[in-house]
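A, B, ... follow the sequence lines: proteins, then strands. Residue 1 opens every chain.
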There are 2 protein chains.
Amino acid sequence: MPRHPTRPDESRASIEISEACYAARVRLVGRMVTRIYETALRPLGLTTAQMNILVLTSRLGEASAARICGILWLDPSTLSRNLERLQARGLITQRPGTDRRSRLLWVTRKGADTLAEALPLWRGAQSEVEKALGRATAVSVKAVGDRLLAEGFSREKTDD
Amino acid sequence: MPRHPTRPDESRASIEISEACYAARVRLVGRMVTRIYETALRPLGLTTAQMNILVLTSRLGEASAARICGILWLDPSTLSRNLERLQARGLITQRPGTDRRSRLLWVTRKGADTLAEALPLWRGAQSEVEKALGRATAVSVKAVGDRLLAEGFSREKTDD
DNA sequence: CCTCATAATTTGTATCTACAATTATTGCCT
DNA sequence: AGGCAATAATTGTAGATACAAATTATGAGG
């Protein structure tokens, strides 16, 4: 039975959740920030997710999908679909690893060129984020991510 | 022409981006946090996005889609699809507004009950986030979201 | 009153994301 | 060697997200 509308919330749950929910806030910031990078990178036809995968692969030189997933806390199926697109565009290639279950991924020349083209656009997005969030806030958000990223890297060796 | 693999990154771009990118970090934290809430809420068949919309609607008592979008910085088309699901489950209903272009949305009794059931699960997720990020970090992330949320609310009156 | 810019939503399309289940390999253990 | 759990990746499915374009209803001017 529907309640009468226009009644500002009789339940405790919505008050407590709306005032404290980390998920709502993290996701809100994520949407806002992502939008800035998507807009900046659109001229290259590169998405934020794709850029991040390309960047990490470039830094690793060569890496298995599993390793990238571990560092970025990405589900393997998600990475799989993103790699499809990056490989279709010729930005990333693979070669069979010694273990025939896995492939080793690396960035092509075209991929490296695309990253170079992306750099100035990415810098613009970084500035916009600092303007939108305030520099201090942006830096503190970055610090949180740094910690998780470091955890992702360390998971490679120290298998807790 | 593909480069020889195993070469640890000759380009400046991937170094600069990987060490400073806000987007990579914000999205990483978002994935991690979202996963915690999705897992916690799964028994209710409620997603994180749905919960947040339900909560806000409940707090507003009654609201147009446009108003919700403004506060949450959500694209109208995104909200439209999420409302489809919430309405299909009978958690939210609508009635025509005075302006026949728009509808006023409100939470049904069933929706309020679902929120009440979600509360303890949500509390568990909150704790998990504090454990995963560290309480101080979680609070600082929350502060960032609070600011954007406040901006969303204030946009309602002061149309800058 | 008609026209047209505007506002509120929805639809079409594409990407990102993850869970569950499947496929292909590996490597251990008897 | 043979069987079988574990590992790497893909596929099926579904929700979240946004941009562009279409739809519907208002409202302001001529």
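The separation between Leu83(A) atom CG and dT17(C) atom P is 12 Å, rounded to whole Å. Rounding to whole angstrom units, CZ of residue Arg95(B) and P of dT9(C) are separated by 13 Å. Distance CZ (Arg27(A)) to C1' (dA18(D)): 14 Å, rounded to an integer number of Å. Rounded to whole angstrom, the span from the CD1 atom of Ile36(A) across to the P atom of dT17(D) amounts to 17 Å. Spacing between atom CZ of Arg35(B) and atom P of dG15(D) amounts to 19 Å, rounded to whole angstrom units. Taking atom CZ of residue Arg103(B) and atom P of nucleotide dA25(D), one finds them 13 Å apart after rounding to whole Å. In this entry the distance linking CG of Leu54(A) with P of dC16(C) reads 12 Å, nearest Å. Regarding Leu86(A), its CG atom lies at a distance of 12 Å from the C1' atom of dC16(C), rounded to whole Å.
Residues Thr48(B) and Arg27(A) bring no donor and acceptor atom of their side chains to less than 3.5 Å of each other.
Linking Ile, Leu, Val, Met, Phe, Trp and Tyr whenever their side-chain heavy atoms come within less than 4.5 Å leaves Leu104(A) and Ile53(A) in two separate clusters. One hydrophobic cluster holds both Leu148(B) and Leu60(B) under the rule that ILVMFWY side chains link at heavy-atom gaps under 4.5 Å.
Listed nucleotides dC19(C), dT17(D), dA18(C) differ in distance to Ala49(B); the shortest reach to its side chain belongs to dT17(D). Checking dG12(D), dA18(D), dT15(C) against the side-chain heavy atoms of Arg85(A) singles out dT15(C) as nearest. Nearest to the side-chain atoms of Ala66(A) among the listed nucleotides dC16(C), dA8(D), dT13(C) stands dA8(D). Among dT10(D), dT11(C), dA18(C), the nucleotide with an atom closest to any side-chain atom of Pro76(A) is dT10(D).
Residue contacts for Ser102(A): at a heavy-atom cut-off of 4.0 Å it reaches the sugar-phosphate backbone alone, with no base atom in range. Residue contacts shown for Leu79(A) are absent, as no nucleic acid heavy atom lies under 4.0 Å away. The residue Ser64(A) sits close only to the backbone: its heavy atoms come under 4.0 Å of sugar-phosphate atoms, none of a base. Residue Thr47(A) is classed as a sugar-phosphate contact, given heavy-atom separations below 4.0 Å to backbone atoms only. Here Glu38(B) lies out of heavy-atom contact (under 4.0 Å) with every strand.
Thr137(B) places a side-chain N or O within 3.5 Å of a backbone atom of Leu133(B) that can act as its donor or acceptor partner. Distance alone, capped at 3.5 Å, is enough to place a donor-acceptor pair between the Gln126(B) side chain and the Ala20(A) backbone.
Checking the phosphate oxygens (OP1, OP2) of dA18(C), a side-chain nitrogen or oxygen of Thr78(A) falls inside 4.0 Å. For dT9(C), neither phosphate oxygen OP1 nor OP2 lies less than 4.0 angstrom from any side-chain nitrogen or oxygen of Ser80(B). Taking side-chain N and O atoms only, Asn82(A) has a distance below 4.0 Å to OP1 or OP2 of dT17(C). Residue Arg81(A) places no side-chain N or O under 4.0 Å from the OP1 or OP2 atom of dT15(C). In terms of phosphate contacts, Arg101(A) brings no side-chain nitrogen or oxygen within less than 4.0 Å of OP1 or OP2 of dT26(C). A close approach under 4.0 Å does occur between a side-chain nitrogen or oxygen of Gln50(B) and OP1 or OP2 of dA16(D). Side-chain nitrogen and oxygen atoms of Arg67(B) include none within less than 4.0 Å of the OP1 or OP2 phosphate oxygen of dA8(C).
Taking 3.5 Å as the limit, the base of dC16(C) and the side chain of Thr48(A) contain no donor-acceptor pair of atoms between them.
Of the candidates Arg123(B), Arg135(B), Lys142(B), Arg135(B) is the only one forming a salt bridge (charged side-chain N to carboxylate O under 4.0 Å, His left out) with Glu130(B).
Nearer the 5' end of DNA chain D, as judged by each residue's closest nucleotide, is the contact made by Asp99(A), out of Asp75(A) and Asp99(A).
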